[in-house]
Amino acid sequence: MEDIKSHWEAIYAAKQPHEMSWWQEIPKTSLEIIHKLHLSKSSRIIDIGGGDSTFAGFLLQDGFTDITVLDIAAKAIERGKHRLGPAAKKIHWIVNDVLDFHPPSGYDLWHDRAMFHFLTSEEQIAAYRDVVRDSLNDNGHIIIGTFSLHGPKRCSGLPTQQYDAEDLQLILGNEYNEIQSFTTDHITPAGLTQNFQFCCFQKIRVHP
């Protein structure tokens with residue numbers, strides 16, 4: 001996946017946050033979903049593809065204490081650390097392709113806004129599903145925000161895949177129960193509209 005890594009490194013080197021189509025000053029939708037879950041502040045949370053997102057900073061403000069951010073682009077994580085300043089030391093930062101990710105222990109919440117739709121092959125999607133399965137604790141939650149069936153077919157110079165809630169349930173499988181699903185419009189900094197499908201699933205406890 002070196003070509004993909006190089007692609008994202010180049011984008012983050014060339015563009016400022018407000019020039020990214022996915023940029024949000026406040027990740028309102030994701031935070032609203034998390035607040036409804038009433039998670040323990042010690043829950044282990046991982047944000048996928050969120051190196052230059054404000055999401056981790058808002059989690060810190062909310063009192064969460066075990067936060068990991070994974071991004072394929074070192075430049076994105078560098079910018080995320082710079083934005084948070086000294087508070088960045090409270091977060092675990094990982095530069096890695098999510099498809100090659102092997103966590104040392106499980107997470108209670110997997111959050112992915114605007115990364116999953118860049119995986120367009122059956123092999124990539126299956127690999128992602130397996131990483132989620134191996135990374136998420138029993139009874140843990142996964143939040144996915146991805147392009148809906150009405151979303152764009154390209155973004156940041158790459159092809160994308162579109163989904164509805166049923167598609168995402170089929171991909172994850174019957175190990176997960178749907179907690180919430182809805183579509184919402186994201187207005188890009190350039191003023192364009194991108195329709196997103198958000199879903200929250202809970203992993204069923206498999207073992208007694």
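The figures here come from the full heavy-atom set of this structure, side chains too, leaving out hydrogens, waters and symmetry mates.
Looking at Asp62, its side chain never comes within 3.5 Å of a backbone N or O of Phe64 through a donor-acceptor pair. With hydrogens and angles disregarded, no donor-acceptor distance shorter than 3.5 Å links the side chain of His117 to the backbone of Pro152. A distance-only check finds no donor-acceptor pair linking the side chain of Ser156 to the backbone of Leu158 [under 3.5 Å]. Counting only distance, with no hydrogens or angles, the side chain of Gln24 and the backbone of Thr54 share no donor-acceptor pair below 3.5 Å. Although no hydrogens or angles enter the test, the distance criterion places a donor-acceptor pair under 3.5 Å between the side chain of Gln162 and the main chain of Thr160. A donor-acceptor distance shorter than 3.5 angstrom exists from the side chain of Gln202 to the backbone of Asn139, with no hydrogens or angles considered. Side chain of Thr188 to main chain of Ala190: a donor-acceptor pair is present (N/O by atom type, distance under 3.5 Å, no hydrogens or angles). Side-chain atoms of Lys203 come within 3.5 Å of backbone atoms of Leu136 as a donor-acceptor pair (strictly under, hydrogens ignored). Remark: side-chain polar atoms of Arg133 are not paired, donor with acceptor, to backbone N or O of Glu175 under 3.5 angstrom. Between the side chain of Arg79 and the backbone N or O of Gly51, no donor-acceptor pair lies under 3.5 Å.
A continuous path of ILVMFWY side-chain contacts below 4.5 Å connects Ile4 to Tyr12, so both sit in one hydrophobic cluster. Residue Leu59 is not grouped with residue Trp110 when hydrophobic side chains (ILVMFWY) are merged at heavy-atom distances under 4.5 angstrom, including chains of intermediate members. Side-chain heavy atoms closer than 4.5 Å link hydrophobic residues (I, L, V, M, F, W, Y) into clusters, and following such links, even through other members, never connects Phe196 to Trp23. Ile144 and Phe182 are assigned to two separate hydrophobic clusters, defined by single-linkage of ILVMFWY side chains at heavy-atom distances under 4.5 Å. One hydrophobic cluster, built from ILVMFWY side chains closer than 4.5 Å, cannot hold both Ile179 and Leu172; they sit in different ones.
Of all heavy-atom pairs between Ser30 and His111, the closest is OG-NE2, 2.7 Å. What you find for Asp52 and Gly80 is that their closest heavy atoms are OD1-N, 3.9 Å. For the residue pair Cys199 and Leu168, the shortest heavy atom distance occurs at SG-CD1, 3.7 Å. Summarising the geometry of Cys200 relative to His141, their closest heavy-atom pair is SG-CD2, 4.1 Å, with the distance given to 0.1 Å. Ala56 approaches Ile91 most closely through the heavy-atom pair CB-CD1, 3.5 Å. Between Lys5 and Ala74, the shortest heavy-atom contact is NZ-N, 4.1 Å.
With contacts defined as side-chain heavy-atom distances shorter than 4.5 Å, the pair Asp108/Asp66 does not qualify. Under the 4.5 Å side-chain criterion, counting only non-hydrogen atoms from C-beta, Ile171 is in contact with Phe116. Counting heavy atoms from C-beta outward, Thr183 and Ser148 have side chains that approach closer than 4.5 Å. The shortest side-chain heavy-atom distance between Pro189 and Met20 does not fall under the 4.5 Å cut-off. Residues Phe55 and Ile67 are not in side-chain contact: their nearest non-hydrogen atoms beyond the backbone lie 4.5 Å or more apart. Within the 4.5 Å cutoff, no side-chain heavy atoms of Lys90 are placed close to those of Leu84.
Counting non-hydrogen atoms of other residues, nucleotides and ligands closer than 6.0 Å to CD of Gln61 gives a total above 12. Within 6.0 Å of NZ in Lys41 there are more than 12 heavy atoms belonging to other residues, nucleotides or ligands. Heavy-atom contacts from other residues, nucleotides or ligands closer than 6.0 Å to NE2 of His150 number 12 or fewer. Annotation: His35, atom NE2; neighbour count of heavy atoms from other residues, nucleotides and ligands within 6.0 Å is above 12. Environment of CD1 in Ile26: sparse, with no more than 12 heavy atoms of neighbouring residues, nucleotides or ligands closer than 6.0 Å.
How far CD1 of Ile142 is from CG of Asp112: 7.0 Å, rounded to the nearest 0.5 Å. Atom CG of Leu170 is separated from atom CG of Asp167 by 6.5 Å, given to the nearest 0.5 angstrom. Summarising the geometry, atom OG belonging to Ser135 is positioned 6.5 Å from atom CD1 belonging to Ile46; distances are rounded to the nearest 0.5 Å. From Gln180, atom CD reaches atom CD of Glu32 across 9.0 Å, with rounding to the nearest 0.5 Å. In this structure, CG on Asp71 lies 5.5 Å from CD1 on Ile77, to the nearest 0.5 angstrom. Put simply, CH2 on Trp93 and OG1 on Thr68 are 10.0 Å apart, with the number rounded to the nearest 0.5 Å.
Neither side chain, Arg113 nor Ser53, offers a donor N or O lying under 3.5 Å from an acceptor on the other.
Taking 4.0 Å as the cut-off between side-chain N and carboxylate O, Lys75 and Glu78 count as a salt-bridged pair.
Under the ring-ring contact (aromatic ring centres under 6.0 Å, His included) rule, Phe118 has a single partner from Phe147, Trp22, Tyr128, Trp8, which is Trp8.
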